[in-house]
Amino acid sequence: MKTRTHIAIVIPVLIALLAGLAGSAVKVDAAGAPSQEPIRIGTLESVTGPPAYVGDKMKKGAELAVEEINNAGGINGRPIEWFFYDPAGDTETAVIQTRRLIDVNKVDAIVGGGSQSGIAIAMAQIAEETKTIFIATEGAREIVKPSDGKLRKYVFKATINDTEIAAKTLEYWKGQGVAKVGFLPDNTGFGQPALQAMEEQAPDHGITLFVETFDTSVTDLTPQLSKLAQEKPQAYFAWTASPAGVVFLKNAKQLGLSENAIIQNCFGFADERFMEQAGDAAIGTFVTAPKLPVYDELADSDPVKESAGKFVETYRAKFNEAPNLYAAESYDGIYLVAEAFKRAGSTEPDAVARELESLKDFSGAQGKFSFSSEKHDGLSASEAAVMKWDGTRFTFVE
Amino acid sequence: MKKNNILIFIGFAAFLILAPVISPDQYITSVFVSFCIKIILLTGLNVILGFAGQMSMAHAGFYGLGAYTAGILAVKLSLPPLLALIAAPVAVALVAFVLGLPSLRLHGNYFGMATLGAGMVLYLVFGAARNITGGPNGLMGIPAFSLAGHPFSLKEIYLVIACFALLGLLCINNLSRSHMGFALRALSVSEDGAASVGIDAFRLKLSAFVVSGVFAGFAGGFQTFQSRFITPETFAFFPTVLMIIAIVLGGGGTQWGPVIGALLLTVADELLAVYPDLKPLILGSVFILIVLRFPGGIIGTLGTYMAQRQEKEDPAS
């Protein structure tokens, strides 16, 4: 009698487990696909969990790019078959999903590293071991180049390095005669590497940094700003992608700092939603970011004007909302890998990696991408711009 | 009963060990790795939550403490992986002991609140102690697990983890039939009642808490060496809630409850990976349904059902 009890337990358990493993991903897209063998691309972005405020846009950007490429006839006539999973900000989940993309879905490339640098780093390890092309949409430099200093062969990045943003900003300040800067990086993996980058580069521009770190959950930055104000800096620069940047703008206004100093945010703040939250306090403040928000002010000779313009237009049409840089990162990621597949004429990872490395001045939504065998992050300081918020939109400054 | 249980155990062990070995791809193996780590974690939580009836909400924190202890020792002090792995449960056991001394004097929800606080503090420390843990960016550079110069492949480390999970199940099986197991179940029903028959409730609860910490420590150590990268997010508040749900669903205080719970979590993760927006909704609905209709969990309900059927068929006994 009891044997049957146990069979009753064990059999559903086994069936459930096997069903779970066999359940393959929903194949999104490939509508009206030509009969040719598809090129499989997988994407991991966190549309739930803590990084959801960036992950949602990233998923949409990738979705749009896949749809556009397929509508235009695919890559050398081969449609893209797109697989999407949501790791919800958890590395453990992301590791399993990455293996699922590689082993079960048999993807030829992965674009998007879970919307969080830490996750992208874990995925980069797997991609490198399994020789899978991986284009990250996350920021950290360690994704393409781990701390032991050797560049990963199959891993690339569709985002700008913090070092490039730091370089562009310092250059701008130098031209404005700024010698002392109050710098406020947040205490996350976004702000801390930036602190290192700023500290390394500031002396070359004759600029002295005074630093106050803060937590992203902060609701008042007055103490930090007051302390920095004692040094009389000509610029205040916050480095965060969290709503704390709004607090920074509001407090700077309340303390009257904006009257004789530049108030500036990094590219985490090139988002109208944040600026609108800060209201009047944001007017006249600056942001250093890739050119997307001010694409329509670029010279007609700059190809980014057209490529970014097309992205903004089609994104608005599809999702009925304004795109931002996060959406552009995954959009560019898909286009970059598609271009490399096209040029390589195959999906053989070594050939695709070689083609990615030889891409020069490839015009995307964020700017012009140029890779090389020493550089797996495609955007340089020349693709960043300093821009000013006038209360309704960003305007190009330099 | 005993004989059947042995048969199930052997069948389950064969399944655990063979399935990934015969499967060609790494994905299946990594799903099984995750399954086995969850078994170890939940088996530990079952000791304090299922058997002793104490709502410990520090379990994800303990899991993280084990993971970070192993990771930090291997990365910052370059300790051999085996030593780092063994240090993890030791560290967690110590913390569980120190934390249990004051908090286990609290009863019911107050113990839950105290451990919830402790779990949150651990989670915050993982994110804030940037110099040691790598902060929110995660701990990088964890070496592959190796023994005597031989680095373990994913399949090899899986076999180690699977054997541990099975060993853990055996220990719990023994525990549940030992004096301690009976005493724990007694005190989960009524502490005063247990005390009246000479059970030292506080000492017993403390031992159970430390044992659950040891399991969490091993799970954390294994997690560190299999993913070779850890971030605080894995050990946040929500994972604790999921673990408690898994125990309730599987059946608390039973040997196989945590296995069923781990299976449900693993399968839910994989099946619902393509419907991320629906995941909380589906998990939540299933949970409500089970708590309302089958408060004993899957194993508990099945047990009751079989007992009733047996009574009907065998009125003589």
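Letters A, B, ... are given to chains in the order of the sequence lines, protein chains preceding strands, and every chain is numbered from 1. Atoms considered below: every heavy atom in the structure, side chains included; atoms not considered: hydrogens, waters and symmetry mates.
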Part of I142(B) within contact of chain A (heavy atom distance under 4.5 Å): neither
Minimum heavy-atom distance between D103(A) and Q26(B), given as atom pair plus value: OD2-N, 2.8 Å
Can you measure from OG (S30(B)) to CD1 (I126(A)) and round to the nearest 0.5 angstrom? 7.5 Å
Quick one: pull up OG1 in T91(A) and CG in L139(B) and give me the separation to the nearest 0.5 Å. 11.0 Å
Part of E129(A) within contact of chain B (heavy atom distance under 4.5 Å): side chain
Approximate separation, where rounding is to 0.5 Å, of N105(A) CG and Y27(B) OH: 8.5 Å
Are the side chain of R100(A) and the backbone of E270(B) linked by a donor-acceptor contact shorter than 3.5 Å? yes
Should E233(B) and I119(A) count as side-chain neighbours, where that means a heavy-atom distance under 4.5 Å? no
Within 6.0 angstrom of K131(A) NZ, more than 12 heavy atoms from elsewhere: no
Taking all non-hydrogen atoms of both residues into account, name the closest pair between S227(B) and V95(A) and its distance. CB-CG2, 4.4 Å
Side chain, backbone, both or neither: which part of E92(A) has a heavy atom under 4.5 Å from chain B? both
If I take atom OG1 from residue T231(B) and atom CD from residue Q116(A), how far apart are they, to the nearest 0.5 angstrom? 6.5 Å
